Amino acid sequence: MISIGTISISEQSSVTDIRQKIRLLTETISGDAILATRLATIFSTICRALQRTGQSSTISASLVDEAGRQVLVLEISEIRAVSEEKLLNPFFDDVNVVPKNQGLQTIQARKDLQINQMPPPEIIASLREMMEQKGRDELMAEV
């Protein structure tokens, strides 16, 4: 498993920044702009739902090699259930909801990217750098 990075979801987070990071990550790895747009759209919907309910969380992204196939794993950590989470199923090959303490849950969504090789290390490094960058709203909140 190759960890790519984590995106923070909070009231200061811009859904647009999160959407752009998910889209860029997916398109860079898979080369599929349509898939990237679909995954970015569903994650922005989930993020808006979390913000509406006042929840903070993180989205962790990683790549897993499963029998020579590259699988993108996006995980939303420790949230209370939101009705929009069921929308993930049509977009991903596998969606698991793992119960945690105090009524929280973690959602793990897996998508086979239809590619056979891991991206080169320099691409992974640039994606990690992109994921670490703070969004505009996060930078403004620091000021």
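Worth saying up front: this structure is predicted, and the values here are computed from it rather than measured.
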* Could you give me the CA-CA distance, side-chain angles and deciding distance for I18 and I59, then say whether side chain to side chain contact (heavy atoms under 4.5 Å, CB included) is met? => CA-CA 9 Å; I18 294 167; I59 300 171; 4.0 Å; yes
* Would you give the length of the straight line joining atom CZ of F92 to atom CG of L87, rounded to the nearest 0.5 angstrom? => 11.5 Å
* Go through T26 and D32 one step at a time and tell me if the side chain to side chain contact (heavy atoms under 4.5 Å, CB included) criterion holds. => CA-CA 8 Å; T26 306; D32 186 340; over 6 Å; no
* **Interatomic spacing from CD1 in I107 to CD1 in I79 - rounded to 0.5 Å** => 3.5 Å
Show me, pair by pair, the donor-acceptor contacts under 3.5 angstrom made by side chains of residues 93-104, not counting sequence neighbours?
unit_1	atom_1	unit_2	atom_2	d
D93	OD2	D112	N	2.6
D94	OD2	N96	ND2	3.2

* Enclosure of E129 CD (heavy-atom neighbours >12, cutoff 6.0 Å) -> no
* Pairing residues for L127 by the side-chain contact (heavy atoms from CB on, under 4.5 Å) criterion, not counting sequence neighbours -> I4, L25, T28, I29, I123, M130
* Any chance you could measure S57, atom OG, to Q105, atom CD, to the nearest 0.5 Å? => 10.0 Å
* Taking only residues two or more places apart in sequence, or in another chain, which ones meet R48 in a side chain to side chain donor-acceptor pair (under 3.5 Å)? -> S44
* A40: side-chain contact (heavy atoms from CB on, under 4.5 Å) partners, not counting sequence neighbours -> R19, I22, R23
* With distance as the sole test, does R128 use its side chain to make a donor-acceptor pair with the main-chain N or O of S3 at under 3.5 Å? -> yes
* Asked: Given a cutoff of under 4.5 Å between side-chain heavy atoms of I, L, V, M, F, W and Y, with clusters grown through shared members, what are the other residues clustered with V71?
  -> M1, V64, V73
* Residues two or more places apart in sequence or in another chain: which of them pass side chain to side chain donor-acceptor pair (under 3.5 Å) with Q114? -> R69
* Asked: How does the hydrophobic cluster around I34 look, that is, which other residues are in it when side-chain heavy atoms under 4.5 Å mark a link?
  -> none
